[in-house]
Amino acid sequence: MPKEYRTISEVAGPLMLVKGVSDVAYNELGEIELKSGEKRRCRVLEVSDDNVLVQLFEASTGINLAESKVRFLGKQMELAVSEDMLGRVFDGLGRPVDGGASILPEKRLDVNGKPMNPAARNYPSEFIQTGVSAIDGLNTLVRGQKLPIFSASGLPHAELAAQIARQAKVRGADESFAVVFAAMGITFEEAEFFTNSFKETGAIDRTVMFTNLANDPAIERIATPKMAMTAAEYLAFDKGMHVLVIMTDITNYADALREVSAARKEVPGRRGYPGYMYTDLAAIYERAGRQKDKKGSITLIPILTMPEDDKTHPIPDLTGYITEGQIILSRDLHRRSVTPPIDVLPSLSRLKDKGIGEGKTREDHSGTMNQLFSAYARGKDAKELMMILGESALTEIDRIYAKFAEAFEEKYVSQGNETDRSIEDTLSIGWELLSMLPKSELKRISDDFIEKYYIEK
C-alpha cells in the first residue's frame with residue numbers, strides 16, 4: 001500500500017507543493033484524495049530534498065490543504081494498449097469517451113517513450129498516398145517521414161487533417177494501415193466534426209482518436225501527443241502496421257507548455273515559451289520513423305497554426321528544424337476559394353525524391369513534378385507583371401504561362417475536401433496542364449515521357 005502524506009503546503013494554479021516526502025521519482029504518478037473521497041491524479045515535476053512539486057491533471061478547486069491526502073503510486077503515466085483501440089475515441093489521458101467499454105490491455109506502456117536511436121532507423125523510401133494532389137504530386141509524403149502542415153488562424157487545416165486521415169493509404173498488397181489522430185485544445189464542435197467525419201466514411205474502423213478539448217486542463221494537453229505516439233509505437237512496432245499520426249494543433253500544445261512553465265516560475269525563452277521547448281518537441285517528433293528489422297512504420301503530420309501568420313514564430317521555426325519539410329497553407333488562395341489552399345511553391349518535402357518513380361508511383365513522376373513547379377512559378381511571375389504593366393506588355397509565351405498558373409490552381413490544387421485522387425489521377429491532371437505549353441518548353445522531362453504522355457491539342 002503506498003504511503004499517504006497529509007503535508008500539502010501550497011496550491012498555485014496547476015501546481016501543488018507536498019513536504020516531508022521520501023522515495024519519490026521525477027514523473028511519478030500520484031493520487032490526491034479529497035475529504036469527500038473524490039480522487040484526482042497528479043504527477044511529480046520536481047524533487048528537492050523532501051519537498052515535491054506535483055502537477056495536477058484536474059482542477060485544483062476544492063483541495064483543502066489540511067484535509068486532503070496524497071499518495072505516490074511508484075509508476076509513471078501509462079497507456080493500456082491492444083488492437084481493440086482501433087475504432088475507439090479517447091480523451092487526452094487515454095480514457096474512453098465514446099461510451100464504449102474500457103480497453104482490455106495486452107500490455108501497459110510508459111507514455112514517455114524514447115526518441116528513436118538514429119543508428120536503428122531505416123531511411124524513409126516508400127510512398128504514402130494522401131489523395132491530395134498538391135501533396136502527392138509535388139510534396140510527396142514518404143513512409144516514416146515527419147511532414148508538418150503550417151496553417152494560420154481561420155484557414156481550413158481541420159478539414160485538410162480530416163481529409164488526409166480519411167483518404168491516406170499505403171499501396172501494395174498485405175500492408176495493414178492505421179491512423180492515430182490526436183487533437184489538442186479543440187472546441188467541442190471541432191471534436192464532433194472529426195468524429196462524425198471518420199464515422200460517416202468508415203475511416204473510424206482503422207483510427208485511434210485522442211481528443212483534448214479547450215476546457216480540459218493544460219496538463220492533459222501536454223500528455224495527449226505522448227499518448228498518441230505510444231499508441232502508434234505499439235501498432236507499428238508490435239503489430240507490424242504502417243501508422244500515420246496526425247496531430248492538431250501543436251500551437252495549443254506549446255501554449256500549454258508555456259502555461260505550466262510560467263506557473264513554475266521558470267526563466268522564459270523566446271516569446272515567453274520555455275527554453276526547453278525545442279527538446280520537448282523533438283522528443284515527440286523523433287519517435288516517428290522506420291526501425292531496422294521491424295515491418296511497421298510511423299509517419300507523422302503535425303499541424304500548427306502560426307500566430308500572426310509568422311513563419312519565424314518559435315513554434316513553426318523549431319518544428320521546421322526538427323522535421324523534413326513543411327506544407328504551407330495560403331490565406332490568399334483561401335480567399336480565392338482554392339480548397340485545400342496549399343501554397344506549393346514555399347512548401348517542401350525533403351524526402352519526396354526517395355518515395356517516387358518507377359515501382360513506387362510512376363516513372364514520369366519526378367520530371368512532371370519539376371516541370372509543374374517551374375511552369376507555375378513562371379506563370380505567377382507573368383501574372384504579377386500583367387497586373388503592373390497590363391496584358392499587352394506580355395509576350396505570347398508569358399500569356400500562356402499566366403493561363404497555366406490559373407488553370408493549375410483551379411484544376412490541380414483546388415480539388416475540394418471530398419475528392420480522393422489516386423497518384424495516377426494526379427499525374428494525368430499534371431499532363432493535361434503541361435499540354436497547355438508547347439513541347440519545346442518542357443525542358444525538365446525526358447523526350448520519351450513527352451512522347452508517351454503529352455496530350456496533343
Side-chain angles (χ1 to χ4, degrees), residues 14-15 25-29 43-48 53-55 57 76-79 92-93 109-121 144-150 180 182 184-185 210 212 217-233 245-289 291 298-307 310-326 350:
L15 305 180
Y26 172 70
N27 251 343
E28 189 174 324
L29 277 185
R43 72 168 178 146
V44 175
L45 265 190
E46 205 173 290
V47 182
S48 175
L53 185 69
V54 301
Q55 190 171 20
F57 285 119
Q76 298 200 353
M77 197 188 303
E78 295 175 330
L79 177 66
L93 294 175
L109 298 176
D110 179 358
V111 301
N112 302 296
K114 293 183 175 63
M116 212 179 285
N117 185 333
R121 284 181 179 273
Q145 185 176 5
K146 305 175 288 291
L147 185 63
I149 293 175
F150 288 2
V180 175
M184 293 158 277
F210 293 89
N212 163 263
I219 175 63
E220 186 177 311
R221 202 155 303 142
I222 292 170
T224 306
K226 294 173 184 170
M227 293 281 171
M229 293 309 296
T230 305
E233 285 167 348
V245 182
I246 299 175
M247 294 182 182
T248 180
D249 177 343
I250 293 294
T251 302
N252 293 336
Y253 169 81
D255 287 345
L257 215 56
R258 179 168 63 177
E259 184 183 324
V260 173
S261 173
R264 288 177 71 180
K265 297 183 170 59
E266 293 174 336
V267 177
R270 285 165 63 195
R271 307 259 186 127
Y273 292 96
Y276 53 78
M277 188 166 77
Y278 178 86
T279 315
D280 197 279
L281 290 172
I284 295 168
Y285 296 156
E286 293 296 346
R287 290 169 72 174
Q291 279 188 13
I298 302 175
T299 308
L300 175 63
I301 300 183
I303 297 172
L304 56 92
T305 48
M306 300 179 288
D310 181 11
K311 286 193 199 75
T312 65
H313 186 278
I315 304 168
D317 192 29
L318 297 179
T319 294
Y321 279 122
I322 304 162
T323 54
E324 294 111 13
Q326 68 279 328
R350 291 193 182 97

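The basis for the numbers below is simple: all heavy atoms, side chains too, and nothing from hydrogens, waters or symmetry mates.
- Residues Ile250 and Pro302 have side chains in contact (heavy-atom distance under 4.5 Å, counting atoms from C-beta outward).
- Looking only at side-chain heavy atoms (C-beta outward), Met277 and Arg270 stay at 4.5 Å or farther from each other.
- Nearest heavy-atom pair across Ile322 and Lys146 is O-CE, 3.6 Å.
- Smallest separation of non-hydrogen atoms from Arg221 and Ala256: CB-CB, 4.0 Å.
- Using a 4.5 Å heavy-atom threshold, the side chains of Gln326 and Leu147 count as separate.
- Under the side-chain hydrogen bond (donor to acceptor under 3.5 Å, both in side chains) criterion, Glu266 pairs with Ser261, Arg264, Tyr276, sequence neighbours left out.
- Going from atom CE of Met77 over to atom CD1 of Ile222 covers 9.5 Å, rounded to the nearest 0.5 Å.
- Taking Asp310 as the reference, Arg271, Thr312 meet the side-chain hydrogen bond (donor to acceptor under 3.5 Å, both in side chains) condition, with sequence neighbours excluded.
- Side chain of Gln145 to backbone of Glu324: a donor-acceptor contact under 3.5 angstrom is found.
- Residues Asn252 and Gly185 come closest through the heavy atom pair ND2-O, 3.3 Å.
- Here the closest non-hydrogen pair linking Leu304 and Asp249 is CA-OD1, 3.2 Å.
- The two residues Ile315 and Ala254 have their closest heavy-atom pair at CD1-CB, 3.6 Å.
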Show the atom names and distances, to 0.1 Å, of all donor-acceptor pairs under 3.5 Å that link a side chain in residues 279-289 to residues at least two apart or in another chain.
unit_1 : atom_1 : unit_2 : atom_2 : d
Asp280 : OD1    : Tyr253 : OH     : 2.2
Tyr285 : OH     : Thr319 : OG1    : 3.1
Glu286 : OE1    : Arg121 : NH2    : 2.9
Arg287 : NE     : Glu233 : OE2    : 2.9
Arg287 : NH1    : Val111 : O      : 2.9
Arg287 : NH2    : Val111 : O      : 3.4
Arg287 : NH2    : Thr230 : OG1    : 3.0
Arg287 : NH2    : Glu233 : OE1    : 3.0

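- Rounding to the nearest 0.5 Å places OH of Tyr278 at 7.5 Å from CG of Leu318.
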Between Val260 and Leu45, does the side-chain contact (heavy atoms from CB on, under 4.5 Å) criterion hold? Intermediate values first, please.
CA-CA 10 Å; Val260 173; Leu45 265 190; 4.3 Å; yes
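- Without hydrogens or angle criteria, Arg350 side chain to Thr323 main chain gives a donor-acceptor distance under 3.5 Å.
- For the atom pair Met227 CE and Leu109 CG, the distance stands at 11.0 Å (nearest 0.5 Å).
- When all heavy atoms of Ala231 and Leu79 are compared, the pair lying nearest together is N-CD2, 3.9 Å.
- In this structure, His313 has its ring center no closer than 6.0 Å to that of Phe150.
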Using the side-chain contact (heavy atoms from CB on, under 4.5 Å) rule, take Gln55 and Leu15 through it: C-alpha gap first, then chi angles, then the decisive distance, then the call.
CA-CA 5 Å; Gln55 190 171 20; Leu15 305 180; 4.3 Å; yes
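- With rounding to the nearest 0.5 Å, the separation of CD1 in Ile303 from CD1 in Ile301 is 7.0 Å.
- Remark: side-chain polar atoms of Glu220 are not paired, donor with acceptor, to backbone N or O of Pro217 under 3.5 angstrom.
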